[in-house]
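Owing to the predicted nature of the structure, the values given are computational and were not obtained by experimental measurement.
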Amino acid sequence: MHHRSPTNGLLFACLSAGLYGMNIVYARVASFAGASGSAIVVYRVFLMLLLVGIVVAVTRSSLKAAREERGTLVLLGISTTFVSVCYLSSVAFIPVTVAAVVFYTFPILIVLASPFVEGTKLTPALLGVVALASLGVVLVVGPAFGDLDWRGLALAFGASIATATQFFAAARCYRTGVMAKIFWIHVLVLPTAALIGWAAGDLAPPSILLAAPFAVAMTIGGYVLGFLLQFLALGRITAVAAGIIYCTEPVVAAISSALILNETLSPLQIAGGTLVLAAIVTNVLLEQRRLKGAPLVPIAD
């Protein structure tokens, strides 16, 4: 057993958000070579389960979930599945940029729901940080809201709700080991991901991954490591703190796309990224002040 460390949790969340941001860019590179997103999702879930199996065998870890957290673990699996399904499906009806802006309303949902779920007090400072981070995300993604289909908006907002649910559930599921959480979540995700790939006609054989081996490796590796760090983080910090930190994901994606795909960043996007980073720094300072002197809570790694 270890202890909940807010400082480590904040670091893990930042690293996870950065990996997810780069993961999106390499997924786009892989798609240029013919490796569809749905196929990558299916095979990365297989890889995740294989890696968990290897780690469990080597370390002799247990895949047993804490009895009092089994219901929460099921909720985690369901919410994680809906995040993937809704977000992936939304871009079939609306532009990716619009879907991203709607999806990244989840930090706002987390903050607004936290008084009811976690008993967190909504202070003017916290609301100001959320507003600053949200404005920065909108500026970085730079959407053009035109000819929008309500189905895409509903799916993207559904993914946002599912993500908020995932963050709250993960923050409450800290007695079950990280490997056990990852294993059971992906056992639930796998059949849904395979069904999506089959329905979309993109469930290609594993050889399709060789179309862009480096990009595919970066996409899958970024997801695997990012997911691990996400759940290490959510066992150590509140859902509110994590939600705001994950606003760095689209900022990292924008910067990575400029460096890797030669996509240019406008002055407005740079200003938005600055706002998000300012919100992150402010949130970290507020979180450390709030938790200063708080007793450590044992968790299972």
Side-chain angles (χ1 to χ4, degrees), residues 12 15-17 19-20 22-24 26-27 30 35-67 69-89 159 162-163 165-167 169-170 172-200 202-235 299-301:
F12 290 150
L15 292 174
S16 173
L19 287 168
Y20 281 155
M22 293 189 65
N23 172 68
I24 296 172
Y26 281 106
S36 69
S38 56
I40 291 176
V41 167
V42 171
Y43 294 121
R44 78 184 182 188
V45 171
F46 271 117
L47 177 61
M48 180 73 86
L49 292 173
L50 176 62
L51 290 175
V52 169
I54 293 173
V55 171
V56 168
V58 171
T59 62
R60 296 184 180 179
S61 303
S62 173
L63 291 178
K64 184 178 180 180
R67 182 180 297 275
E69 293 181 350
R70 290 176 183 175
T72 304
L73 199 57
V74 172
L75 180 59
L76 263 175
I78 294 173
S79 60
T80 300
T81 300
F82 271 94
V83 171
S84 300
V85 171
C86 292
Y87 201 22
L88 180 64
S89 301
T163 301
T165 303
Q166 180 195 58
F167 274 53
R172 289 172 174 264
C173 190
Y174 56 83
R175 296 189 184 279
T176 301
V178 172
M179 289 297 106
K181 280 189 283 193
I182 293 176
F183 176 80
W184 291 113
I185 286 171
H186 284 83
V187 164
L188 290 171
V189 171
L190 181 58
T192 305
L195 181 61
I196 292 173
W198 175 78
D202 292 331
L203 199 58
S207 58
I208 191 66
L209 303 181
L210 298 178
F214 179 75
V216 168
M218 291 296 290
T219 300
I220 294 178
Y223 169 79
V224 170
L225 186 54
F227 197 88
L228 173 61
L229 288 171
Q230 177 185 347
F231 278 82
L232 287 173
L234 292 174
I299 63 172
D301 281 348

If you look at every heavy atom in [X] and [Y], which pair is closest and at what distance?
| X | Y | result |
| --- | --- | --- |
| Ala212 | Ala30 | CB-CA, 4.2 Å |
| Ser16 | Gly226 | OG-O, 2.7 Å |
| Leu19 | Gly222 | CB-O, 3.7 Å |

Hits for ring pair (Phe, Tyr, Trp, His ring centres under 6.0 Å) against Tyr26, two or more places apart or cross-chain, chain-then-number order -> Phe214

For Thr80, the side-chain hydrogen bond (donor to acceptor under 3.5 Å, both in side chains) test, sequence neighbours excluded, returns Gln166

Sequence neighbours excluded, the answer for side-chain hydrogen bond (donor to acceptor under 3.5 Å, both in side chains) partners of Thr165 is none

In chain order, what residues pass the side-chain contact (heavy atoms from CB on, under 4.5 Å) check against [X], with sequence neighbours excluded?
| X | result |
| --- | --- |
| Leu50 | Ile54 |
| Val187 | Leu49, Phe183, Trp184 |
| Tyr223 | Tyr20, Asn23, Arg44, Met48, His186, Phe227 |

Side chain to side chain contact (heavy atoms under 4.5 Å, CB included) test vs Ile185 passes for just one of Ile182, Val189, Leu188, namely Val189

The reported gap from CD1 in Ile220 to CG in Leu51 (rounded to nearest 0.5 angstrom) is 10.0 Å

**Item:** Within-4.5 Å side-chain heavy-atom neighbours: Val52 and Leu63
**Value:** yes

Any donor-acceptor pair under 3.5 Å from Thr163 side chain to Ala159 backbone: yes

